[in-house]
Amino acid sequence: MALSSVRNATPFAHELVCTKAVSNSDGTPGTSSSPHVVCFGELLIDFVPTVNGVSLAEASAFKKAPGGAPANVAVGIARLGGSSAFIGKVGDDEFGYMLADILKENNVNNQGLLFDAHARTALAFVTLRNDGEREFMFYRNPSADMLLEEKELDLDLIRKAKIFHHGSISLITEPCKTAHIAAAKAAKDAGVLISYDPNLRLPLWSSADDARDGILSIWETADVIKISEEEVSFLTKGEDPYDDSVIKKLMHPNLKLLLVTEGPEGCRYYSKEFNGRVGGLKVNAVDTTGAGDAFVAGILSQLSVDFSLLQDEGRLKEALKFANVCGALTVTERGAIPALPTRQQVVDALTKVVA
């Protein structure tokens, strides 16, 4: 359902949708009609237990936290002073309007956000182990994000971007799969840099083979790819994620940069010209939700204003050090979007980073 058809669905809907931000909280210019980074995919509510180390059944209370990997990246970029937009669909319900408002409050252009009257906003219940790592239970049968159609896309917003960022969740079912592929093609045809974080969520796929095939189906269209150690093992069917020769199998001829995140250890980077490692910031992890998205926001916020980072190893390493700190700070609080850092917080923490 197109956005215009649900504007009056609730008394306050008109106050929350399609509002472009004009400035960031620190007074710097905010999003405009042509945001630098357009993020496509899911926007949902994570319910995170208020204590770690318990099962979902044992948890006595949950914190409601806005999330969804592409939306996390969009908010992360805006928090860092960058320019971002989000394209996706939520339910025509209280959670959907709450999420629309959160994008607006965080200076994310949400003109590509749609509401669906026939499906609810997606929910995810997240179990936190004692080490802050997670297990997921999703409620999307179907959820609104799965129902985005190609004809509803704001292609102009996509074509005017510098970077188009997406994941793999919206490749799982139709009609969102077709919309996703069309959005990425519009970006590619317009010369927009394509950023891809597969963000593997195995329970959402019908099988491991389908997940692998789906993730790899758009692999060679990406210019920049970010994956975790676990995703390297998954995509290579169990090969060693620390072996450079294994990583290089995942390179494709047009790939400009492949990033492998290693949690508190930092990340590795691979391009045609160079490869190496950048150390991370050790922190006490409370909830790792959104850490990878914060990392992506950290690097894309810098790439969007200076593509030459891709050719300069020294400056790329500095940018990745910044991105590592973005990820580290995010794990110190519960939830994804609530924990995403500001630029000043990252700058302050950079003094503690191991080179």
Side-chain angles (χ1 to χ4, degrees), residues 40-42 44 46 67-70 72-73 122 124-129 131-138 140 146 165-173 176-177 180-181 184 194-255 257-271 275 277 280 285 287-296 299 323-324 327 330-331 336:
F40 176 95
E42 67 276 8
L44 49 83
D46 287 324
N72 295 342
V73 173
F125 285 81
V126 186
T127 301
L128 298 175
R129 300 201 309 247
D131 61 1
E133 284 299 328
R134 306 147 297 155
E135 296 172 355
F136 293 87
M137 181 190 294
F138 293 94
R140 53 200 306 269
M146 300 162 69
H165 175 72
H166 60 164
S168 70
I169 303 300
S170 45
L171 291 171
I172 297 173
T173 55
C176 191
K177 178 179 178 180
H180 183 154
I181 292 168
I194 307 294
S195 164
Y196 183 36
D197 175 4
N199 193 39
L200 175 66
R201 294 289 178 262
L202 205 50
L204 294 178
W205 295 85
S206 58
S207 70
D209 286 342
D210 279 352
R212 194 176 293 107
D213 292 344
I215 287 170
L216 293 175
S217 69
I218 59 171
W219 194 261
E220 297 197 0
T221 65
D223 299 297
V224 176
I225 296 175
K226 174 263 173 193
I227 47 177
S228 66
E229 307 150 278
E230 295 85 358
E231 288 164 343
V232 173
S233 294
F234 176 77
L235 293 173
T236 60
K237 298 186 177 180
E239 293 191 53
D240 182 1
Y242 300 101
D243 184 337
D244 284 349
S245 66
V246 171
I247 303 299
K248 287 172 183 176
K249 292 178 187 177
L250 294 171
M251 299 288 286
H252 66 77
N254 298 315
L255 189 62
L257 182 65
L258 177 63
L259 300 168
V260 181
T261 53
E262 301 180 347
E265 301 306 315
C267 69
R268 282 172 283 153
Y269 59 90
Y270 300 82
S271 75
N275 65 83
R277 178 188 296 273
D287 176 11
T288 57
T289 307
D293 304 325
F295 172 88
V296 172
I299 190 63
N324 283 342
T330 302
V331 309

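Computed from a prediction, not measured in an experiment: that's the story for all the values here. Values below: every heavy atom of this structure, side chains too, minus hydrogens, waters and symmetry copies.
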The test is side-chain contact (heavy atoms from CB on, under 4.5 Å); show your working for Thr261 and Glu229 and say whether it passes. CA-CA 6 Å; Thr261 53; Glu229 307 150 278; over 6 Å; no

Test side-chain contact (heavy atoms from CB on, under 4.5 Å) applied to Val260 and Tyr242, step by step: CA-CA 9 Å; Val260 181; Tyr242 300 101; over 6 Å; no

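Between the side chains of Asp287 and Thr289, a donor-acceptor pair is found at a separation under 3.5 Å. Asp223 and Tyr196 share no donor-acceptor pair across their side chains, judged by distance under 3.5 Å alone.
Between the CD1 atom in Ile225 and the OG atom in Ser195 there is a gap of 9.0 Å [rounded to 0.5 Å]. For the atom pair Ile215 CD1 and Ile169 CD1, the distance stands at 7.5 Å (nearest 0.5 Å). We find the OG-CE distance between Ser170 and Met146 to be 10.5 Å, quoted to the nearest 0.5 Å. The CG atom of Leu171 sits 5.0 Å away from the OG atom of Ser217 when rounded to the nearest 0.5 Å. Note that the CG atom of Asp244 and the CZ atom of Arg268 stand 6.5 Å from one another [nearest 0.5 Å]. Atoms CD and OG, on Glu239 and Ser245 in that order, are 7.5 Å from each other to the nearest 0.5 Å.
With hydrogens and angles ignored, the 3.5 Å screen pairs no side-chain donor or acceptor of Trp205 with any backbone N or O of Leu200.
Residues satisfying the side chain to side chain donor-acceptor pair (under 3.5 Å) test with Ser206, not counting sequence neighbours, are Asp210. In this structure, the side chain to side chain donor-acceptor pair (under 3.5 Å) partners of Glu231, at least two apart in sequence or on a different chain, are Ser228. By the side chain to side chain donor-acceptor pair (under 3.5 Å) test, Asn199 pairs with Arg201, sequence neighbours left out.
A heavy-atom distance below 4.5 Å is found between the side chains of Leu257 and Tyr269. You'll find the side chain of Leu250 reaches within 4.5 Å of the side chain of Trp219, heavy atoms only. Proximity of Leu255 to Tyr270: side-chain heavy atoms (C-beta onward) are nowhere separated by under 4.5 Å. Side-chain contact between Ile227 and Asp197 is absent, with no heavy-atom pair separated by less than 4.5 Å. Side-chain atoms of Phe234 and Leu202, non-hydrogen and from C-beta on, do get closer than 4.5 Å to each other. At least one side-chain heavy atom of Cys267 sits under 4.5 Å from a side-chain heavy atom of Asn324. Annotation: side chain of Val126 is not in contact with side chain of Met137 (no heavy-atom distance under 4.5 Å). Within the 4.5 Å cutoff, side-chain heavy atoms of Lys248 are placed close to those of Asn275.
Taking each heavy atom of Asn72 and Gly290 in turn, the nearest pair found is ND2-CA, 4.3 Å. Residue Ala294 comes nearest to Thr330 through the heavy atom pair CB-OG1, 3.1 Å, listed as atom of the first residue, atom of the second, then distance.
Taking the ring centroids of His165 and Phe40, they lie at or beyond the 6.0 Å cut-off.
Using a 4.0 Å cut-off between charged nitrogen and carboxylate oxygen, Glu262 and Arg277 count as a salt-bridge pair.
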